[in-house]
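Encoded as structure tokens, the structure appears first; notes follow it.
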Amino acid sequence: QLHLVESGGGLVQPGGSLRLSCAASGPYFNIYAMGWYRQVPDKARELVATITKDGNTNYADSAKGRFTISRDNAKNTAYLQMNNLKPEDTAVYYCNASPILKDLLDGYFGSWGPGTQVTVSS
């Protein structure tokens, strides 16, 4: 029943910025935990950042200092501000959400949205 729509990806030069958006809808209102993941071909999906309803955040080492996760609780929407992008950030970016933070940390979900492609290249 959870429905996720990611947007905001695109082609950007190294050092550039993008802001991704994730709109969640379904059986939950103001979902407790939301997060961003990314995946490249032939590799496992990687957790990038999480944020809880009360604003607690966690970041992967690769994202620290460059990416900022935020959310609009009224909209059940999460954002990922990506600055100083590097070619290694190229991936399909996905979001997900759960009433349980552990689900985000484990990456254990029954479904995923379509993702949004981020390509960093000069």
Side-chain angles (χ1 to χ4, degrees):
Q1 293 180 307
L2 182 65
H3 184 64
L4 302 155
V5 180
E6 302 95 343
S7 62
L11 176 64
V12 64
Q13 295 184 112
S17 298
L18 287 171
R19 191 172 88 138
L20 309 183
S21 298
C22 168
S25 62
Y28 314 116
F29 179 77
N30 198 187
I31 302 169
Y32 178 68
M34 304 185 74
W36 285 96
Y37 304 76
R38 65 187 183 187
Q39 188 171 34
V40 299
D42 301 319
K43 296 195 71 176
R45 206 186 314 265
E46 174 191 16
L47 178 63
V48 176
T50 63
I51 185 167
T52 61
K53 181 180 177 180
D54 52 350
N56 291 321
T57 59
N58 285 284
Y59 296 92
D61 287 342
S62 60
K64 291 178 180 176
R66 300 188 299 123
F67 296 179
T68 302
I69 188 170
S70 61
R71 62 185 290 169
D72 184 329
N73 290 334
K75 297 180 179 179
N76 272 345
T77 300
Y79 306 93
L80 187 68
Q81 179 66 46
M82 309 167 69
N83 297 326
N84 192 25
L85 284 161
K86 304 175 180 180
E88 50 263 44
D89 295 318
T90 296
V92 178
Y93 283 71
Y94 301 89
C95 69
N96 223 307
S98 175
I100 305 169
L101 179 59
K102 189 175 186 297
D103 286 348
L104 276 295
L105 302 178
D106 291 344
Y108 186 73
F109 299 103
S111 63
W112 297 85
T116 185
Q117 176 71 48
V118 172
T119 302
V120 184
S121 180
S122 59

In this structure, CD1 of I51 is separated from NZ of K53 (nearest 0.5 Å) by 13.0 Å
Establish, yes or no, whether a centroid distance under 6.0 Å links the rings of F67 and W36.
-> no
Could you list the donor-acceptor pairs under 3.5 angstrom formed by side chains in residues 79-86, with sequence neighbours left out?
from, atom 1, to, atom 2, distance (Å)
Q81, NE2, N83, OD1, 3.0
N83, OD1, S17, OG, 2.9

Nearest 0.5 Å, what's the CD-OH distance between E6 and Y37?
-> 11.5 Å
Grouping ILVMFWY residues whenever side-chain heavy atoms fall under 4.5 Å, the cluster of V5 otherwise contains none
For K43, enumerate each residue passing the side-chain contact (heavy atoms from CB on, under 4.5 Å) test, keeping only those at least two apart in sequence or located in another chain.
-> V40
Minimal non-hydrogen separation, A24 against L4, with atom names = CB-CD2, 3.7 Å
Could you give the side-chain donor-acceptor pairs of residues 113-122 under 3.5 Å, partners two or more places apart or in another chain?
from, atom 1, to, atom 2, distance (Å)
T116, OG1, G9, N, 3.0
Q117, NE2, A91, O, 3.4
Q117, NE2, T119, OG1, 3.3

For S111, does its backbone N or O pair with a side-chain atom of N96 as donor and acceptor, under 3.5 Å?
-> yes
Quick one: do V92 and V12 end up in the same hydrophobic cluster if we chain Ile, Leu, Val, Met, Phe, Trp and Tyr together by side-chain heavy atoms under 4.5 Å apart?
-> no
What residue pairs, at least two apart or across chains, pass disulfide bond (SG atoms under 2.5 Å apart) with a residue in residues 70-122?
-> C22-C95
When Ile, Leu, Val, Met, Phe, Trp and Tyr are grouped by side-chain heavy atoms lying under 4.5 Å apart, directly or through other members, which residues fall in the same group as Y108?
-> none
Non-neighbouring partners of R19 that pass side-chain hydrogen bond (donor to acceptor under 3.5 Å, both in side chains), sequence neighbours left out | none
With the 4.5 Å side-chain cut-off for hydrophobic clustering, are Y93 and W112 part of the same group?
-> no
Only pairs at least two apart or in different chains count here, so list each salt bridge (charged side-chain N to carboxylate O under 4.0 Å, His left out) that has a residue in residues 92-103.
-> K102-D106
The reported gap from CD1 in I100 to CD1 in I31 (rounded to nearest 0.5 angstrom) is 12.0 Å
For N56, side-chain contact (heavy atoms from CB on, under 4.5 Å) partners two or more places apart | T52, D54
side-chain hydrogen bond (donor to acceptor under 3.5 Å, both in side chains) partners for K64, two or more places apart | D61
Report the distance from atom CG of L105 to atom CG of N58, rounding to the nearest 0.5 Å.
-> 7.0 Å
Can you tell me if N76 uses its side chain to pair, donor with acceptor, with the backbone of N30 under 3.5 Å?
-> yes
Can you get from Y59 to V48 by hopping between Ile, Leu, Val, Met, Phe, Trp and Tyr side chains that sit under 4.5 Å apart?
-> yes
Of all residues at least two apart in sequence or in a different chain, which pass the side-chain hydrogen bond (donor to acceptor under 3.5 Å, both in side chains) check with E46?
-> R38
Sorted by chain and residue number, the side-chain hydrogen bond (donor to acceptor under 3.5 Å, both in side chains) partners of R45 (sequence neighbours excluded) come out as none
Would you check if F109 and Y94 make a side-chain contact, meaning some heavy-atom pair closer than 4.5 Å?
-> no
